[in-house]
Asks: 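Take this structure first; my questions come after.
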Amino acid sequence: MAKVSKESYLFWYETMLRIRRFEEKAGQLYGMQKIRGFCHLYIGQEAVAAGTITALKHEDPIITAYRDHGLAIARGTSCNAAMAELYGKATGCSKGKGGSMHFFDKDNYFFGGHGIVGAQIGLGAGIAFAEKYKGTDNVCICFFGDGAARQGMLHETFNLAMMWKLPVIFVCENNFYAMGTSVERSSNVTEIYRLGEAYDMPSKSVDGMKCETVHDAVAEAAERARKGDGPTFLEIKTYRYKGHSMSDPQKYRTKEEVEEYKQKDPIETTLSTILKKKYATEAEIEAINERIQKEVDDCVTFAEESPYPDASELYTDNYVQSDYPFIID
Amino acid sequence: MHTNQLIPIRLYLPLLIIIMTTRKIAFRQALREAMQEEMRRDSRVFLMGEEVAEYNGAYKVSQGMLDEFGAKRVIDTPISELGFAAVGVGAAMNGVRPIVEFMTWNFALLAIDQIVNSAAKTLSMSAGQFGCPIVFRGPSASAGQLGAQHSQAFENWYANVPGLKVISVSNPYDAKGLLKSAIIDDDPVVFMESEVMYGDMGDVPEEEYYIPIGKADIRREGTDVTIVSFNKMMKVALAAADELAKDGIEAEVIDLRTIRPLDHETIIRSVMKTNRLVIVEEAWPFGSVSTEITYRVQKDAFDYLDAPIRRITTADTSLSYSSVFVEAFLPNPARVIQCVREVLYK
């Protein structure tokens, strides 16, 4: 394992805590009907986002599916912009046009949350194609879930990406359940990383409950891509503590299973490492906790007080052409 | 003054060029020239699709382009419509300008999720942060006895989708001018051609030109009836108009050229003059382009109509193989003439 700096540990702790507190708040607000539509929480999977960010450059594009709050926040989207988007406000990261599933943040090279399972696998390869075409050394990291691994898109894209040696890292965030269907019930091949081997793509399984293992795997894959050696497939095993979306009775798994994973909670693990290595004092950790709590409290106020978009915005951003003649009867 | 002397020359120059340097070229060459000119101008433009490079194009549209632009910009793909359409869309979101060729639009059904859910929506979902300047092009509709799965037209399907622009061309001149406009357009464009027209010859200027997206073309002026059509059905419409002229019936024939946005204005203006409308379309009747036009004309020109609007579409069936079925399925000049006589009560 590469030597991980004190700064990385503190970044991981702070980032994961920000995501956790944000998502807890989003869950509450959903219950209060402040947030509508579909809403998929990232709680439990935070180490995947946090460990990824320290392994990449800021300019490396990120694309993911609809469980997108965590990755956007880890990459730098503010809690304000994220919460305002959940509220459907004009100050949201997609100006209220995307909602929970479609966060976008161009300044942070965040190419979006995408709602059709697996569709972003091909888009991620295309984003990488453009980086290679333009001659940059940027690497696209493309996330999808274990459910998306069963889409045909994965196979077509893996084949193209390997043939063209695209600078892309494919990450399957395997949280073991595609909505209510377990990995075992979706395929004969339950070791998802092995799907990459069919295309001779370097592929491996990674412990996603630890930032260290995620960071190392992504850093190695990014180095391979930057050298021109093409894609890597990482199956990062993680776990979502909450349901698939907000209306999930979770009858497909036991409470014991959920508890088992909570014992390996990435935030707790990272915190104990920080304290053990004396990277921060208890008082310093408390200061971080308070700052994050305030940030999350403030983002709710920000979202509450932000204006809704004007209804006329329905007609903007459908076309770049500013005078497109919409049919209006 | 020196500049005053120059002005008349500059004004006459374009006219002179058109007169002096128009030549007849094939439809496929017109399309190729459009891509070549734009690729020479802008290094971000590239062509991707099945057999476009080493094979020189399944229908020879891209013949010679690999030699000119190299394998970086003229890219063969495996038979993976969904995959390479997605790569095109992702690339377009990230600063380049792909032209994605489908061997036919029938095969593009495998990629329709990427066209409808990704290309058409990324600008809107991201509130303008990520656009998708891409052209999806290829031949559409029937091309002889190709059977049910290779004979379908989908202009109306894509024209239903906000975020897309849809072009369907009938001749080399329009094909070149509109494809050039499509390539430089910042929005995703669906561009429909026809297998059976790639060899058609037509007048095309040597010099570069662009045809604006969203403008229909009055191909034949007339006073008695308006006939609206597009793509290869324009041949049927024009042939019918020639026949009708022999009997003293002057049809005005409009080539839509762009399906979305549709140039309603040109249609309405013509109907206000002729008071009669017949639409000729190679598509299934339900929810077709003719349906949309009919709605708009009855709404905006109701008092000008002297007869019900009529249309000739394909049969409301799959296209079966035998020549008998093809004949029965497609619009033809005789059916158009019959329809025109009916709306003229002659």
Side-chain angles (χ1 to χ4, degrees), chain A residues 61 63 90 92-99 101-107 110-116 119-131 133-134 138 140 142 151-153 155-161 163-164 166 309 313-314 316-321 324-327 329, chain B residues 43-44 46 48 72-73 75 77-96 98 110-111 113-114 116-118 120-134 162-165 185-188 213-214 260-265 292 295-296 299:
Chain A
I63 187 167
C93 57
S94 304
K95 297 185 187 168
K97 294 186 170 187
M101 297 190 287
H102 308 303
F103 280 17
F104 286 84
D105 188 346
K106 193 170 191 178
D107 292 342
F110 187 75
F111 280 69
H114 294 264
I116 307 300
Q120 81 281 10
I121 303 175
L123 295 175
I127 292 162
F129 180 98
E131 295 294 349
Y133 190 92
K134 292 185 284 189
N138 297 335
C140 177
C142 173
Q151 287 277 30
M153 179 63 98
H155 295 273
E156 294 192 22
T157 304
F158 277 19
N159 185 49
L160 292 169
M163 186 172 62
W164 293 333
L166 299 180
E313 288 280 319
L314 192 59
T316 61
D317 304 323
N318 287 272
Y319 292 93
V320 174
Q321 181 187 343
Y324 182 86
F326 293 97
I327 295 174
D329 284 322
Chain B
S43 63
R44 296 171 302 171
F46 63 89
M48 171 187 278
K72 183 189 172 188
R73 299 181 67 197
I75 304 158
T77 68
I79 302 172
S80 306
E81 281 83 4
L82 176 65
F84 69 76
V87 168
V89 174
M93 288 172 72
N94 195 18
V96 293
L110 288 154
D113 174 61
Q114 282 298 320
V116 174
N117 269 319
S118 296
K121 291 183 176 57
T122 161
L123 187 74
S124 171
M125 293 194 303
S126 70
Q129 295 179 82
F130 294 96
C132 188
I134 192 169
L164 300 178
K165 295 176 181 175
D185 199 280
D186 288 330
D187 292 307
I213 295 171
R260 184 185 178 100
L262 194 67
D263 184 358
H264 289 291
E265 217 180 290
E292 179 63 23
Y295 168 76
R296 191 59 174 258
K299 175 174 169 283

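Here is how names work: the chains are called A, B, and so on, in the same order as the sequence lines, proteins then strands, and each is numbered from 1.
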Asks: Could you check whether any side-chain N or O of B/K72 sits under 3.5 Å from a backbone N or O of A/Y133, counting only pairs where one atom can act as donor and the other as acceptor?
Replies: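 Yes, because the side chain of B/K72 sits within donor-acceptor range (under 3.5 Å) of the backbone of A/Y133.
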Asks: If you count heavy-atom pairs within less than 4.5 Å of chain B, which of A/F158, A/F111, A/F326 leads?
Replies: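 Counting heavy-atom pairs under 4.5 Å, the top option is A/F111.
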Asks: Rounded to the nearest 0.5 Å, how far does OG of B/S124 lie from CG of A/D317?
Replies: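 Between atom CG of A/D317 and atom OG of B/S124 there are 6.5 Å.
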Asks: Counting only heavy atoms closer than 4.5 Å, note whether A/E131 contacts chain B via side chain, backbone, both or neither.
Replies: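 Contact with chain B is through both the backbone and side chain of A/E131.
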Asks: Between B/R73, B/R44, B/K165, who has the most heavy-atom pairs with chain A when the cutoff is under 4.5 Å?
Replies: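 So the answer, after comparing B/R73, B/R44, B/K165, is B/K165.
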Asks: Less than 4.5 Å apart, side chain to side chain, heavy atoms only: is that true for B/V87 and A/W164?
Replies: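 Yes, close enough: below the 4.5 Å cut-off.
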Asks: Does the side chain of B/N94 come within less than 4.5 Å of A/K134's, by heavy atoms?
Replies: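 SC-SC contact between A/K134 and B/N94 confirmed.
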Asks: For B/R260, which atoms come within 4.5 Å of any heavy atom of chain A: side chain, backbone, both, or neither?
Replies: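 Backbone plus side chain of B/R260, per the 4.5 Å heavy-atom cut-off to chain A.
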Asks: For B/G83 and A/E156, work out which heavy atoms get closest and say how close.
Replies: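 Closest approach of B/G83 to A/E156, heavy atoms only: N-OE1, 2.6 Å.
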Asks: Any heavy-atom pair between the side chains of A/F129 and B/I75 that's under 4.5 Å?
Replies: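 B/I75 vs A/F129: side chains touch.
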Asks: Can you tell me how far apart CZ (B/F130) and CD1 (A/I63) are? Round to the nearest 0.5 Å.
Replies: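 So the CZ of B/F130 and the CD1 of A/I63 are separated by 8.5 Å.
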Asks: Side chain, backbone, both or neither: which part of B/I79 has a non-hydrogen atom closer than 4.5 Å to chain A?
Replies: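 No part of it gets close to chain A.
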Asks: Side chain from CB out, backbone as N, CA, C, O: work out which of these in B/S118 comes under 4.5 Å of a heavy atom of chain A, or both, or neither.
Replies: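 The side chain, not the backbone.
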Asks: Among the options B/V89, B/T77, B/D113, pick out the one with the most heavy-atom pairs lying under 4.5 Å from chain A.
Replies: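 The residue among B/V89, B/T77, B/D113 with the greatest pair count is B/D113.
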Asks: B/Q114 side chain to A/A119 main-chain N or O, any donor-acceptor pair under 3.5 Å?
Replies: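 It does hold such a pair.
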Asks: Tell me, for A/H155 versus chain B, whether the close heavy atoms (under 4.5 Å) come from the side chain, the backbone, both or neither.
Replies: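 Neither part.
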Asks: Measuring heavy-atom distances to chain A, does B/F84 have an atom under 4.5 Å in its side chain, in its backbone, in both, or in neither?
Replies: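 Contact with chain A involves both backbone and side-chain atoms of B/F84.
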Asks: Side chain, backbone, both or neither: which part of B/K121 has a heavy atom under 4.5 Å from chain A?
Replies: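 Interface part for B/K121: neither.
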Asks: Is the CD atom of A/Q321 crowded by more than 12 outside heavy atoms at less than 6.0 Å?
Replies: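 Check passes, neighbour count above 12.
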Asks: So which part of B/E81 gets closer than 4.5 Å to some heavy atom of chain A, the side chain, the backbone, both or neither?
Replies: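 When you check distances to chain A, only backbone atoms of B/E81 fall under 4.5 Å.
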Asks: Of all of B/E292, B/M48, B/H264, which one pairs up most often with chain A through heavy atoms under 4.5 Å apart?
Replies: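 Looking at each of B/E292, B/M48, B/H264 in turn, B/M48 comes out on top.
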Asks: Which one, A/E313, A/H114, A/H102, leads in non-hydrogen pairs under 4.5 Å with chain B?
Replies: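 Greatest number of close heavy-atom pairs with chain B: A/H102.
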Asks: Run the numbers on A/Y324 and B/D187 for side chain to side chain contact (heavy atoms under 4.5 Å, CB included), then give the verdict.
Replies: CA-CA 11 Å; A/Y324 182 86; B/D187 292 307; over 6 Å; no
Asks: Which residues pass the side-chain contact (heavy atoms from CB on, under 4.5 Å) test with B/P78, sequence neighbours left out?
Replies: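 B/P78: side-chain contact (heavy atoms from CB on, under 4.5 Å) contacts with A/N159, A/L160, A/M163, B/S80.
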Asks: Say whether, by atom type as modelled, one donor and one acceptor occur between the side chain of A/K106 and the main chain of B/Q129 under 3.5 angstrom.
Replies: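 Pair found, side chain donor or acceptor close to backbone of B/Q129.
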Asks: Sub-3.5 Å donor-acceptor pair from the side chain of A/Y319 to the main-chain atoms of B/P188, do we have one?
Replies: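 Judged by distance alone, no pair lies under 3.5 Å.
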Asks: For each of A/G124, A/G126, A/G112, tally heavy-atom pairs with chain B at distances under 4.5 Å, and name the one with the top tally.
Replies: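 Result: the option with the highest number of such pairs is A/G126.
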Asks: Distance check, rounded to the nearest 0.5 Å: A/Q151 atom CD versus B/L82 atom CG?
Replies: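 These two atoms lie 8.5 Å from each other.
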Asks: Please state whether the side chain, the backbone, both or neither of A/C93 comes within less than 4.5 Å of a heavy atom of chain B.
Replies: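 Backbone only.
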Asks: Select one option (side chain, backbone, both, neither) describing which atoms of B/D186 are under 4.5 Å from chain A's heavy atoms.
Replies: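 It is both, since atoms from each part get that close.
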Asks: Hey, what do you get for CZ (A/F104) to CG (B/L123), rounding to the nearest 0.5 Å?
Replies: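 The CZ atom of A/F104 sits 10.0 Å away from the CG atom of B/L123.
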Asks: List the atom of B/P261, the atom of A/P325, and the distance in Å for their closest heavy-atom pair.
Replies: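 Answer, listing the atom of B/P261 first, then A/P325: CB-CG, 3.6 Å.
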Asks: Are any of the side-chain heavy atoms of B/R296 and A/I327 separated by less than 4.5 Å?
Replies: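 A side-chain contact under 4.5 Å exists here.
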